Amino acid sequence: MKLWTFIKYDVKQQLRDRSTLFWMLIFPIILIFGLGTMLSAIFNSNFSLPVTDVAYVEQSTDDYRVPLETFLADDDIQSFIHLVPYDSIAAAETGVNDGDADVILHLDGPDVRLLYEEPSTIEFDVIEAILRQYTDVANQQIMLAETGVSAPFESETFIDSESIDLSGRTPTSLEYFTVTISIMTALFGAFYITGMLSEEQPMTGSYLRIQAAPVKRIEYRLARSLSRYTLIFLQLVLVFWFSHFVYRSFSLDYVHFGLLFIAWLALALYGTAFGFLVSSLPRLSRSTKDAIVNGFVAIIMILSGGYVPGFDQVTLSVAPWAQYVFMPIFMREGILQVLLRGGDPAVFWQSLGWLALHLLVFATLSLLLWKGVNRRGAI
Amino acid sequence: MSIIALDHVTKRFGETIALNDFSLHVEAGELFGLLGPNGAGKTTAISVMLNLYPADSGTIRIFNHSMPKDEQTIKRRVGIVPQHVSVYDQLTVFENIQFFAELYGFKPAEAKQKTVAALDFVELTPHQKKRPPELSGGLLRRLNIACGIVHEPELIFMDEPTVAIDPQSRNTILENIRELNRRGATIIYTSHYMEEVEMLCDRVAIVDEGRIIAEGTQDELKDQVMTLETARIKVDALTPGLLGRLESLERVKKVEYEEPFLDVSLEKDTPLAPLLDVLHDEQVRFTSITVDRPSLNTVFLALTGKTLRE
């Protein structure tokens, strides 16, 4: 019951603290809104995509070839896709390598594949989205035909202005914000631990009363951790809710909440372990320790694209090893795609492994430092 | 039976010895003063009794339970009013008190009742919806007390609860403390204000450099150190032979004159009649006589060679 008492009053305090309210609830909304507006302005209605050279390899029958080529012959699509026919995938790959094409479209029997190198670009994403629309409708056509229901082919059906509208790229802000918020979650843990330990000096502040009360320290720490992470969870819910309803084009259906939740949990542990490490450093004042944590947060935020969307790509192009050293859970190619759009989760689990390794190192160093401090008898 | 029994407790912080072979016994129902200058070890003594700092050596028994073995049992029956106001700025006065009531195991409804009683006791009911930053220094101190007594503890540690407040609030707080004691609470009161300790406490321990250097009732303490008293006589004028005659009186140690006062140092409990006879014989008119009784500050000065405010 004391656990509940702590959580109840701690959450109440946090929600009444104006600075907490601003940084946890108002600032994220401003950030999303600001980034969204900025990206919407970039991708306004006057924006036109550059023409993409698509290496087209057709290895199918007329049943599948004709509808696809009819679809691709549409004027709207022709305005940004230039098909370059190739006989084989190998030839198409040579064409891409020579710079004659940017992406390969392979019609292999009934299958339509778009092959491109990571990292993808907006143009490739748009082509992929259009082809997905095409295949979805084509599959429905086939299903209706198989069940004996007639379904007339209408090419304009595939041109859904809402889904092709480039303002639909606005959720990119959310994608990047997901990085930011997740890192914040993790490092808030670090703040929390350094803050909690410095607060937990006997005979200081309100903690003195807690110490004097019949309360177990573990109960108090657990309650405080739970209350703080409750607030962060509220923040995440708000961010997703706001992003979803303001920028409707982003579908929550594609978000892998299970994986995302595991990522947050892992990052929170990462931050907590880092906090323990910093708080265990001997001969440093509280302000120095805070400065270390703040500096670490700033570096990670910048390098991983938390402040400047896309900066993570710059970091990785300059220092590919950064993906293993700085916050491996996010600075890995394809992690965001896995979390927000699905895909092969192998890279996710691999990153989690790296994160576990970091945790282990932090925990070991903390333990060694902590033992050293105790041996010297410092308080 | 002693409610508090500390025997040979030592506590070090690095090279500094905060408590040095510290022993203290307090009986149930006492209002006991711990008097000493800043840094003497008063607050450390309280901290060690509540296991906020573990003692390096010695034994601590409170309510006949051993600390730290029976820590939770002891803490349930103890309240603390810390030196610094220890409350939460984002909670209202009422919520602060209720929070601490709930921490001591009261269910919310019960805690609410206790909170109302505590608010009434410290006369903070009109301010119950305010938050601490909206309160004056005196009101904050009263809130600090309310948070420490809301669970009706049998033993209360009050660590300099009147520091930096106005005289009116101080009087209210001192009256609150007396009332708590009248209701049966044992109170350990630390202060470096000797006037407060003299006013409030039944027994006093004088602490210096981590040790108790004297302990007892105020009279006992004064008796330990005082062998002289000073009679201060306000006179109109001196006669040539007066000082010599006074100095020759039995049990008179020293006579000094600084207009208009004549200060006569006497052995303790010396009758004043011979002194007055001399004044009469010399036809010296006097308008007042006061005998300077020793204060705890005098006791402290005599024991340590320094004053309490150092």
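Each chain gets a letter, A, B and so on, in the order its sequence line appears, and its residues count up from 1. This structure is a prediction, so every number in the text was calculated from the model and none was measured. Atom set for the values below is all heavy atoms of this structure, side chains included, hydrogens, waters and symmetry mates excluded.
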Inset, instruction - Please lay out, stage by stage, how A:Arg16 and B:Leu91 fare under the test side-chain contact (heavy atoms from CB on, under 4.5 Å). - result: CA-CA 8 Å; A:Arg16 283 181 186 171; B:Leu91 297 179; 4.2 Å; yes
Inset, instruction - Check the pair B:Asn96, A:Tyr9 against side-chain contact (heavy atoms from CB on, under 4.5 Å), reporting the backbone distance first and the verdict last. - result: CA-CA 9 Å; B:Asn96 260 297; A:Tyr9 284 95; over 6 Å; no
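By a heavy-atom distance cut of under 4.5 Å, B:Arg131, B:Asn144, B:Cys147, B:Gly148 are the residues of residues 123-150 of chain B near chain A, going up by number.
Contact between B:Ile80 and A:Ala212 at its shortest, heavy atoms only, is CG2-CB, 3.5 Å. The minimum heavy-atom distance between B:Ser86 and A:Arg209, with the atom names listed, is O-NE, 2.7 Å.
A distance-only check finds no donor-acceptor pair linking the side chain of A:Lys216 to the backbone of B:Gln72 [under 3.5 Å].
Ranked by non-hydrogen atom pairs under 4.5 Å with chain A, the options B:Arg76, B:Lys75, B:His151 are led by B:Lys75.
For A:Lys12, the NZ atom sits in a packed shell: over 12 heavy atoms of surrounding residues, nucleotides or ligands are nearer than 6.0 Å.
With values rounded to the nearest 0.5 angstrom, A:Thr5 atom OG1 is found 11.5 Å from B:Lys107 atom NZ. Here the NZ-CD distance, from A:Lys8 to B:Gln98, works out to 6.5 Å after rounding to the nearest 0.5 Å. The distance from the CZ atom of B:Phe100 to the CD1 atom of A:Ile210 is 5.0 Å, given to the nearest 0.5 Å.
With respect to the salt-bridge test (charged N to carboxylate O, under 4.0 angstrom), the residues B:Glu102 and A:Lys2 do not qualify.
With a 4.5 angstrom heavy-atom cutoff, B:Gln83 does not touch chain A via any of its atoms. Using a 4.5 Å cut-off between heavy atoms, B:Phe157 makes no contact with chain A at all.
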